Each structure stands twice: as C-alpha cells, then as structure tokens.
Amino acid sequence: MLTDDGKHLYVSWDEYHLLIERLALKVHNSGWEFDQILCLARGGLRPGDMLSRVFDKPLAIMSTSSYRAESGTIQGRLDMATYVTLPKGELAGRLLLVDDLADTGVTLKAVVDRLRGMPAISELRSSVIWVKGISTYTPDYYVESLPTSPWIHQPFEDYDSLRPEGLARKLAV
C-alpha cells in the first residue's frame, strides 16, 4: 500500500509473492529463452529463488551492497563480489539478472556493465519487481513503476532488527 504522500510503500508477504509471480509471467510472455538466472544478494535472493523454481533454471548468486548508513537508507560505495556462486560450471549463454528493485539504478547498471564484459555471456536481460522514478537504469522486465520513488517496506524487513532473544520471546507466546 502506497501512503497518501507517496513516500512509503508497504508490501505484505502475499503481495510480495504475487509481484514475483507477475514478474515471472512478464518474462515468460516475452518469449525470451534463457539458460541461467543470476540474482543479486540480498534483495534479489527471494525473487531469484522463485524464478529459478518456476523456470527450472540454475540459480547463481552475486553479493552486492551499496547501502551503508542510517539503517540502510543512505547509499554509499558500491561493493560487488569478485566471485559468483553457482551450482556448477560458469556464467554463460543467455542470462537473466534478477534483483528486487532498481532504486537509483547504480547497482544494476554496474553489474550489467560487468556482465556484458564477460565473453561467455551471449545475451543478458535484467528484471526487478520495482523501478523507482529516480532510477537511471530501466531493466528489461519489471512489474511496477514508482514515480514518487518511495521507500519500500518489504515484508522481511522485520528480521533486520529481530535478534535471537527477540525471536525467542516472540515464539514463547
């Protein structure tokens, strides 16, 4: 649910899963065939996992991070993992890149540029759930465009501040 001022978008688990399913259908309906999925950790892990299962394609993972300060709300230097984790082989062929959102677009653009420099990758397309209005990069596939660039409150964010002691109290009820 987008707040009236357009500054916050609150997403439930049900909505989140439905959005990922809609993303899968967008990719499918495009008719494009791909060989592998590469998701960006952490935000792209859940969408990447679901798309990997729906399309029955191997899932590779690359860790990236650009949020540093103010509980992850201020963007800092972009860090990209040197290595990509995948079940076997290497990134090659037609690759679907998956993340949760194109915020400023800096991370996706940097990853796309790096991947396009890899000769084994013959074709690359990118996909996200949300594209913010401030993004300088537009993925090939996305579900929602957010012109007001709200802060997106995803359902798993409750775990950002939940520690084992709090979890023990929660489950003791």
Side-chain angles (χ1 to χ4, degrees), residues 9 11 16-69 72-152 154 156-157:
L9 177 65
V11 182
Y16 182 72
H17 290 125
L18 179 62
L19 289 165
I20 296 170
E21 290 168 356
R22 288 178 56 202
L23 180 61
L25 284 177
K26 282 195 172 228
V27 173
H28 172 74
N29 290 338
S30 76
W32 183 60
E33 297 287 330
F34 56 93
D35 305 307
Q36 297 173 319
I37 294 174
L38 172 64
C39 70
L40 300 183
R42 293 190 307 186
L45 284 170
R46 287 171 183 89
D49 175 61
M50 286 179 64
L51 269 61
S52 173
R53 292 168 189 273
V54 168
F55 290 103
D56 193 26
K57 299 292 182 184
L59 177 65
I61 301 168
M62 174 190 280
S63 290
T64 60
S65 179
S66 61
Y67 286 103
R68 298 277 181 238
T73 61
I74 296 179
Q75 190 164 19
R77 184 189 72 203
L78 173 63
D79 294 325
M80 271 193 285
T82 305
Y83 300 100
V84 172
T85 303
L86 63 162
K88 65 179 180 176
E90 64 177 347
L91 287 180
R94 295 170 310 233
L95 184 68
L96 178 64
L97 177 63
V98 179
D99 203 358
D100 57 346
L101 70 128
D103 191 346
T104 63
V106 170
T107 300
L108 276 172
K109 176 79 168 87
V111 171
V112 164
D113 289 347
R114 178 174 165 188
L115 294 171
R116 288 215 165 110
M118 298 173 70
I121 297 175
S122 61
E123 190 175 358
L124 172 68
R125 294 194 187 177
S126 56
S127 62
V128 299
I129 300 170
W130 301 281
V131 176
K132 290 187 178 183
I134 60 169
S135 181
T136 58
Y137 178 81
T138 304
D140 298 288
Y141 307 103
Y142 61 91
V143 180
E144 292 186 347
S145 176
L146 303 170
T148 61
S149 302
W151 181 259
I152 301 170
Q154 298 189 51
F156 47 81
E157 288 179 2

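Position 1 is the first residue of the sequence; numbering continues from there. The shown structure was predicted, so the numbers you read here are calculated from the model rather than taken from an experiment.
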For the residue pair [X] and [Y], what are the closest heavy atoms and their distance?
{"X": "L91", "Y": "A60", "value": "CD2-CB, 3.9 Å"}
{"X": "L59", "Y": "G48", "value": "CD1-O, 3.7 Å"}
{"X": "E144", "Y": "R22", "value": "OE2-NH1, 4.1 Å"}
{"X": "S52", "Y": "K57", "value": "OG-O, 2.6 Å"}

Donor-acceptor pair, side chain of S127 and main chain of L97, under 3.5 angstrom: yes

How would you list all residue pairs meeting ring-ring contact (aromatic ring centres under 6.0 Å, His included) that involve residues 27-57, not counting sequence neighbours? W32-F34, F34-F55

What side-chain donor-acceptor pairs closer than 3.5 Å can you find for residues 40-47, not counting sequence neighbours?
none

For R94, which of D35, I121, L124 qualifies under side chain to side chain contact (heavy atoms under 4.5 Å, CB included)? D35

side-chain contact (heavy atoms from CB on, under 4.5 Å) partners for I134, two or more places apart: D103, T104, K132, S149

Tell me, please, which residues at least two apart from E21 pass side-chain contact (heavy atoms from CB on, under 4.5 Å). L18, M50

Check salt bridge (charged side-chain N to carboxylate O under 4.0 Å, His left out) between D56 and all other residues, then give those that pass, not counting sequence neighbours. none

Contacts of R116 meeting salt bridge (charged side-chain N to carboxylate O under 4.0 Å, His left out) (sequence neighbours excluded), chain-then-number -> none

